[in-house]
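Atoms within a ligand are numbered from 1 in the order they appear, just like the ligands themselves. Just so it is clear, the values below take in all heavy atoms, side chains as well, and ignore hydrogens, waters and symmetry mates. Everything numeric here is computed off the predicted structure, so don't read it as measured data.
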Amino acid sequence: MTATMKISGMHCAGCSANLQRALGRQKGVKTASVDLDSATARVEYDEAIIDLAGLKKAVESVGYDVVD
Ligand SMILES: [Cu+2]
């Protein structure tokens, strides 16, 4: 499963790297790629292990928000 989330709160490359790392270390996440310019996070994940709510929680845990 692949999800693209719109992220708010990122200001620099440090933010996007931080978020990418946080998403990448979630159980069930295969790949995470965060793009600062478009403010998006593209995540490939195993939906049997983690769902969108879990991904959102991971984003929030490092201080950013998912824009619905
Ligand atoms: Cu930053």
Side-chain angles (χ1 to χ4, degrees):
M1 188 111 201
T2 302
T4 302
M5 298 180 286
K6 182 99 178 133
I7 307 295
S8 71
M10 294 195 295
H11 304 292
C12 67
C15 292
S16 51
N18 185 30
L19 178 58
Q20 185 167 303
R21 228 174 316 154
L23 285 168
R25 66 170 174 252
Q26 298 304 307
K27 231 174 167 231
V29 171
K30 294 169 190 161
T31 63
S33 135
V34 178
D35 183 66
L36 179 65
D37 291 329
S38 60
T40 54
R42 190 171 180 281
V43 184
E44 195 190 333
Y45 62 101
D46 182 342
E47 67 270 31
I49 301 173
I50 191 165
D51 58 8
L52 264 182
L55 295 175
K56 191 174 176 190
K57 216 175 282 173
V59 171
E60 290 167 353
S61 76
V62 283
Y64 310 106
D65 276 310
V66 176
V67 182
D68 293 311

Asp68 vs Lys56, side chain to side chain contact (heavy atoms under 4.5 Å, CB included): CA-CA, chis, key distance, verdict
CA-CA 10 Å; Asp68 293 311; Lys56 191 174 176 190; 4.1 Å; yes
Quick one: do Asp46 and Ile50 satisfy side chain to side chain contact (heavy atoms under 4.5 Å, CB included)? Show the steps, please.
CA-CA 6 Å; Asp46 182 342; Ile50 191 165; 5.9 Å; no
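- Within a radius of less than 2.8 Å around the Cu ion (ligand 1), the protein N, O or S atoms are Cys12 SG, Cys15 SG.
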Full working for side chain to side chain contact (heavy atoms under 4.5 Å, CB included) between Thr2 and Arg42
CA-CA 7 Å; Thr2 302; Arg42 190 171 180 281; 3.8 Å; yes
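- Asp65 contributes atom CG, which lies 11.5 Å from atom CE of Met5 (distance to the nearest 0.5 angstrom).
- Both Val29 and Val62 are assigned to one and the same hydrophobic cluster, defined by single-linkage of ILVMFWY side chains at heavy-atom distances under 4.5 Å.
- For Lys57, the NZ atom sits in a loose shell: 12 or fewer heavy atoms of surrounding residues, nucleotides or ligands are nearer than 6.0 Å.
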